[in-house]
Asker: 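Attaching a single structure in structure tokens format; questions to follow.
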Amino acid sequence: MSPENTQRRRHPHGQSIAGWAPTTARSAYDADEMEFWLDREVSLIENLLRDRGELPRQEIGNELGCKYWGPMRFRQALKEGVERGSFKKVGRGRYAPA
């Protein structure tokens, strides 16, 4: 191989292809913000179950508009709420107030 072929190829905007990523790194602020939103989502689920009693997962999600929360956020909020004891899982896909 010639020396010209062993050099790194360049991205059209001047960055090296190796090590270039289209996203930015997360900061500590992001972790705090994510914790805030997780607490809020768990609280929303807890309040809904307290008001309406035992509900299936799908109904909880529909009532709270979880499809707009972002990927995997609803699942994480359900898991975290059960771990915290905010509500409990009583059957396959069913949750109830603690």
Side-chain angles (χ1 to χ4, degrees):
M1 274 184 143
S2 68
E4 296 89 33
N5 293 339
T6 59
Q7 292 179 348
R8 287 190 179 191
R9 295 187 332 191
R10 294 258 176 214
H11 189 270
H13 300 290
Q15 297 101 347
S16 169
I17 290 176
W20 179 81
T23 61
T24 58
R26 291 186 174 219
S27 67
Y29 173 79
D30 289 335
D32 292 341
E33 185 177 8
M34 297 303 283
E35 186 65 28
F36 168 82
W37 287 109
L38 180 60
D39 291 344
R40 180 183 180 278
E41 293 157 358
V42 168
S43 178
L44 287 171
I45 296 168
E46 180 180 17
N47 292 336
L48 178 66
L49 292 172
R50 192 177 307 127
D51 290 345
R52 305 251 321 265
E54 183 178 322
L55 293 172
R57 181 181 194 270
Q58 184 173 1
E59 191 171 337
I60 296 167
N62 290 341
E63 282 292 316
L64 298 177
C66 73
K67 67 182 179 179
Y68 301 108
W69 290 4
M72 306 294 286
R73 299 206 46 111
F74 182 55
R75 179 186 294 182
Q76 180 62 33
L78 287 171
K79 181 179 176 185
E80 184 69 24
V82 170
E83 288 175 2
R84 291 180 185 181
S86 300
F87 45 88
K88 59 187 174 183
K89 188 170 184 175
V90 293
R92 185 170 185 204
R94 297 192 63 82
Y95 295 84

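Starting from 1, each residue takes its place in the sequence as its number.
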Asker: Within this structure, what is the CZ-CG distance for the pair Phe87 and Leu55, rounded to the nearest 0.5 Å?
Answerer: 11.5 Å
Asker: Quick one: hydrophobic cluster around Trp37, which other residues, with the 4.5 Å side-chain cut-off, linked directly or via members?
Answerer: Phe36
Asker: Salt-bridge test for Glu59 and Arg52: reply yes if a basic N is under 4.0 Å from a carboxylate O, no otherwise.
Answerer: yes
Asker: Which value, rounded to the nearest 0.5 Å, describes the distance between Glu35 atom CD and Glu80 atom CD?
Answerer: 6.5 Å
Asker: Rounded at 0.5 Å granularity, tell me how far CZ in Arg50 sits from OG in Ser43.
Answerer: 7.5 Å
Asker: Roughly how far apart are Lys89 NZ and Arg57 CZ, rounded to 0.5 Å?
Answerer: 8.0 Å
Asker: With rounding to the nearest 0.5 angstrom, report the CG to CG distance, Leu44 to Leu49.
Answerer: 11.0 Å
Asker: Applying side chain to side chain contact (heavy atoms under 4.5 Å, CB included), can you list everything that pairs with Asn62, at least two apart in sequence or on another chain?
Answerer: Gln58
Asker: Decide if atom CZ of Arg40 counts as having more than 12 heavy atoms of other residues, nucleotides or ligands within a radius under 6.0 Å.
Answerer: no
Asker: Answer yes or no: is there a side-chain heavy-atom contact under 4.5 Å between Tyr95 and Ile45?
Answerer: no
Asker: Rounded to the nearest 0.5 Å, what's the gap from CZ on Arg84 to CG on Leu38? Could you check?
Answerer: 5.0 Å
Asker: Which heavy-atom pair separates Val42 from Ser86 by the least distance, and what is that distance?
Answerer: CG1-OG, 3.7 Å
